[in-house]
Amino acid sequence: MGRNYFSQKRVLVTGGAGFLGSHLIDRLLDQGHDVLCVDNLFTGSKRNIEHLHQHPRFEFLRHDVCFPLFVEVDEIYNLACPASPVHYQHDPVQTTKTSVHGAINMLGLAKRLKCRIFQASTSEVYGDPSIHPQVESYWGNVNPIGIRSCYDEGKRCAETLFFDYHRQLGLDIKVVRIFNTYGPRMHPSDGRVVSNFIMQALKGDPITIYGDGSQTRSFCFASDLVEGFLRFMDSPAGFTGPMNLGNPNEFTIRELAELVIELTGSKSKIDFRPLPQDDPLQRCPDISLAKAKLDWEPQVQLREGLQKTIDYFANGDFVD
Ligand code: NAD
Ligand code: UDP
Ligand code: UDP
């Protein structure tokens, strides 16, 4: 779909070389916008955006959002932050800096440009939740000093900054809380459960279930999530969120392992490992707000989305 001179926007996507950012950029370019992708390539990869290098409306800038950024754009999506526990725990101080300093710099940029800014927050702000499913009004149960805190508290502080820039300076903000999302372009050694299980199944290695596998997650396919991002960003000013986006169908990790084994036809056995500290026992979004405000709900269910993700990993030169 083409856009004319007046409806075409210059859109900044931080973390654009990552899994979700690269899918978002594909959609923004399809809509006719001009996209600036900013990424320090910590967990993202040039591979995710290599199909765009000849694209006349696409630009890549290698930059760390912890440092100020002076560019001219009409809209900002702030996605820069490692998302997998393995990666965000690798350098936890840098993780907090990315969330907090990154938010301050991107909010400062939005303030100067007087432009709309979107924050990719997370269901992790709910911690190990004591209410189920999680609604946006729930304040969360987060350990401030544990191994997940760099991510959880960093994202919570980023939300605080977004809402204070909104209240204090009138910034036009959109804050989304993303629940577990998966799909093609996840990093194969990312450490998250879907990529781990698929890679293990394809290689015939043991499937590593942490704990007894009774903990639950709700898995959203990337294309559904990105559709939610775009609808939210186009919603009226003043509708700030925070808003949950995710798939409300809940599975145990053991069920996920069994489904991956079935879909890959793998002979992998299950290997039970210790449950990491502060691993939430259950997680499922209440998406009533997104349904009511955006007329949004996921279209791709787990079996179909997993098959597409398996095809990506199986055909992508990832398996030796
Ligand atoms: P990802 O790791 O694939 O993408 C994150 C991107 O940010 C990477 O390209 C990485 O190189 C970049 N980045 C990291 N630190 C940076 C820095 N200091 N400066 C510039 N770039 C930096 O992860 P993803 O799944 O695509 O996650 C994207 C966003 O969505 C993250 O903010 C994450 O917290 C959020 N989120 C994702 C999920 C999910 O299930 N995928 C769930 C909740 C929240
Ligand atoms: N900032 C930026 N790009 C801009 C404007 C600001 O990176 O175009 C950064 C700036 O370096 C500052 C941060 O955003 O550290 C917050 O900016 P703000 O104007 O809110 O705060 P101040 O500069 O007054 O501390
Ligand atoms: N998990 C697992 N095996 C793995 C990777 C993860 O059993 O190889 C579990 C993990 O302990 C958690 C769930 O799967 O309970 C989801 O983990 P992930 O790292 O994908 O995301 P989280 O929702 O914990 O941030």
Side-chain angles (χ1 to χ4, degrees), residues 13-24 37-45 48-49 61-72 77-88 94-95 97-99 101-113 119-125 148 151-152 154-155 158 161 165 168-169 171 176-183 185-187 190-197 199-200 207-220 222 225 229 245-246 252-254 256-257 271-276 278-283:
V13 179
T14 76
F19 158 52
L20 293 176
S22 63
H23 286 292
L24 172 64
C37 168
V38 164
D39 201 298
N40 70 351
L41 299 178
F42 172 45
T43 51
S45 147
N48 288 340
I49 48 169
L61 176 66
R62 189 168 183 147
H63 172 82
D64 184 330
V65 292
C66 296
F67 299 98
L69 176 68
F70 290 85
V71 292
E72 308 305 312
Y77 286 87
N78 187 36
L79 272 65
C81 186
S84 125
V86 174
H87 285 131
Y88 70 64
Q94 177 63 24
T95 300
K97 284 183 181 171
T98 293
S99 275
H101 293 186
I104 291 172
N105 287 325
M106 291 310 106
L107 287 161
L109 177 63
K111 175 181 143 193
R112 178 174 65 78
L113 299 174
Q119 168 67 357
S121 191
T122 168
S123 53
E124 284 286 319
V125 300
R148 293 175 86 101
Y151 184 72
D152 300 9
K155 289 283 189 179
L161 285 161
Y165 269 80
Q168 200 175 323
L169 297 153
L171 244 66
V176 66
R177 292 181 178 155
I178 305 166
F179 285 66
N180 297 63
T181 302
Y182 69 100
R185 299 191 195 151
M186 290 184 91
H187 198 287
D190 178 287
R192 282 181 277 189
V193 68
V194 173
S195 43
N196 266 13
F197 284 3
M199 289 304 291
Q200 289 161 346
I207 307 274
T208 53
I209 291 187
Y210 304 157
D212 64 5
S214 62
Q215 72 270 37
T216 69
R217 293 294 186 274
S218 311
F219 299 100
C220 186
L225 190 80
F229 283 8
L245 285 181
T252 66
I253 293 304
R254 190 172 185 132
L256 177 73
D271 181 12
F272 290 94
R273 303 264 180 96
L275 190 67
D278 295 337
D279 199 284
L281 287 180
Q282 53 181 6
R283 188 185 285 150

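What you see is a predicted model, and the numbers here were worked out from it, not measured in a lab. Heavy atoms only: backbone and side chains are in, while hydrogens, waters and symmetry mates are out. In each ligand, atom 1 is the first atom listed, and ligand 1 is the first ligand listed.
Nearest to atom 39 (C) of ligand 1 among the protein's heavy atoms is R192 NH1, 3.3 Å. Looking at atom 2 (O) of ligand 1, its nearest protein heavy atom turns out to be T43 OG1, 2.6 Å. Nearest non-hydrogen protein atom to atom 17 (C) of ligand 1 is N40 ND2, 3.3 Å. Protein heavy atom closest to atom 11 (O) of ligand 1, with residue, atom name and distance, is D39 OD1, 2.7 Å. What sits closest to atom 43 (C) of ligand 1 on the protein, heavy atoms only, is I178 O, 3.2 Å. Among protein heavy atoms, atom 3 (O) of ligand 1 sits closest to F19 N, 2.9 Å.
Heavy atoms from both the backbone and the side chain of R192 come within less than 4.0 Å of ligand 3. Looking at D279 against ligand 3, only its side chain comes within 4.0 Å, counting heavy atoms. Neither the backbone nor the side chain of M186 has a heavy atom within less than 4.0 Å of ligand 1. Heavy atoms of R254 found under 4.0 angstrom from ligand 3: none, in either backbone or side chain. When non-hydrogen atoms are compared, ligand 3 lies under 4.0 Å from neither the backbone nor the side chain of R273. Counting heavy atoms under 4.0 Å from ligand 3, residue N196 touches it through the side chain alone. In N180, the part holding a heavy atom less than 4.0 Å from any atom of ligand 3 is the side chain.
Comparing C81, A83, G44, S121 against atom 5 (C) of ligand 1, the shortest heavy-atom distance belongs to C81. Nearest-residue assignment for atom 31 (C) of ligand 1 (options L79, V193, V13; heavy-atom criterion): L79. Comparing G15, G16, A120 against atom 6 (C) of ligand 1, the shortest heavy-atom distance belongs to G15. Comparing heavy-atom distances from atom 37 (C) of ligand 1 across L20, L225, T181 singles out L20 as nearest.
Under a 4.0 Å criterion applied to the non-hydrogen atoms of A80, ligand 1 contributes the atoms 7 (O), 20 (C), 21 (N), 22 (C). The E124 neighbourhood of ligand 3 comprises atoms 25 (O), with distances under 4.0 Å to a heavy atom of that residue. The K155 neighbourhood of ligand 1 comprises atoms 31 (C), 32 (O), 33 (C), 34 (O), with distances under 4.0 Å to a heavy atom of that residue. Near P85, meaning under 4.0 Å from any of its heavy atoms, are these atoms of ligand 3: 19 (O), 25 (O). Which parts of ligand 1 touch N180 is read off a 4.0 Å heavy-atom cut-off, strictly below it: atoms 40 (O). Close contacts of ligand 1 with D64, meaning ligand atoms under 4.0 Å from a residue heavy atom, involve 17 (C), 18 (N), 19 (N). Residue contact check: G191 has heavy atoms under 4.0 Å from atoms 5 (C) of ligand 3. Every atom of ligand 3 with a heavy atom of I209 under 4.0 Å away is listed here by number and element: 7 (O). Of all atoms in ligand 1, listed by their number and element, those nearer than 4.0 Å to a heavy atom of G18 are 3 (O), 4 (O), 8 (C), 9 (O). Listed by atom number, the atoms of ligand 3 under 4.0 Å from R283 heavy atoms are 22 (P), 23 (O). Ligand 3 places these atoms under 4.0 Å from at least one heavy atom of R148: 22 (P), 24 (O), 25 (O). The Y151 neighbourhood of ligand 1 comprises atoms 33 (C), 34 (O), 36 (N), 43 (C), 44 (C), with distances under 4.0 Å to a heavy atom of that residue. Heavy-atom contacts of L41 reach the following atoms of ligand 1: 11 (O) (cutoff under 4.0 Å). Contact atoms of ligand 1 toward V65: 17 (C), 18 (N), 19 (N), 20 (C) (distance under 4.0 Å to a heavy atom of the residue).
Atoms OH and OG1, from Y88 and T43 in turn, are 13.0 Å apart once rounded to the nearest 0.5 Å. If you take OH on Y210 and CG on D279, they are separated by 9.5 Å, rounding to the nearest 0.5 Å. Between the NE2 atom of H87 and the CD atom of Q94 there is a distance of 13.5 Å, given to the nearest 0.5 Å. In this structure, the separation between CZ on F19 and OG on S45 is 13.5 Å, given to the nearest 0.5 Å. Considering CG of D271 and CD1 of I207, their distance stands at 10.0 Å, rounded to 0.5 Å. Rounding to the nearest 0.5 angstrom, the gap separating the NE2 atom in H23 from the OG1 atom in T181 is 10.5 Å.
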Original post:
Stepwise, does the side chain to side chain contact (heavy atoms under 4.5 Å, CB included) test hold for Y165 with K111?
Top reply: CA-CA 8 Å; Y165 269 80; K111 175 181 143 193; 4.2 Å; yes

Original post:
Where do T122 and Y151 land on the side chain to side chain contact (heavy atoms under 4.5 Å, CB included) test, with the steps shown first?
Top reply: CA-CA 9 Å; T122 168; Y151 184 72; 3.9 Å; yes

**OP:** Step by step, work out the side chain to side chain contact (heavy atoms under 4.5 Å, CB included) result for Y182 and L256.
**Re:** CA-CA 12 Å; Y182 69 100; L256 177 73; over 6 Å; no

**OP:** Go through R217 and V193 one step at a time and tell me if the side chain to side chain contact (heavy atoms under 4.5 Å, CB included) criterion holds.
**Re:** CA-CA 10 Å; R217 293 294 186 274; V193 68; 5.6 Å; no

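For S218 (side chain) and R283 (main-chain N/O), a donor-acceptor pair under 3.5 Å exists by modelled atom type. Of the possible donor and acceptor atoms, one in the side chain of N105 sits under 3.5 Å from a partner among the backbone N and O of V65. Listed for the Q119 side chain is no donor-acceptor partner under 3.5 Å among the backbone atoms of A103. With hydrogens and angles disregarded, a donor-acceptor distance shorter than 3.5 Å links the side chain of S84 to the backbone of D190.
Using a 4.0 angstrom heavy-atom cutoff, S123 does not count as in contact with ligand 3. Heavy atoms of S84 stay at 4.0 angstrom or farther from ligand 3. In this structure, A17 is part of the shell of residues with a heavy atom less than 4.0 angstrom from ligand 1. Using a 4.0 Å heavy-atom cutoff, E124 is absent from the residues neighbouring ligand 1.
Considering backbone and side-chain atoms together, T98 places an N or O closer than 3.5 Å to an N or O of ligand 1. Note: no N/O pair closer than 3.5 Å links Y88 and ligand 3 by distance alone. By the 3.5 Å distance cut-off applied to N or O atoms, Q200 is not counted among the residues near ligand 3.
For K155 and E124, the salt-bridge test fails: no basic side-chain N is under 4.0 Å from an acidic carboxylate O.
In this structure the side chain of S121 reaches within 4.5 angstrom of the side chain of R177, judged on heavy atoms.
Closer than 4.0 angstrom to ligand 2 sit non-hydrogen atoms from P68, L69, F70, I104, N105, G108, L109, K111, R112, Y165.
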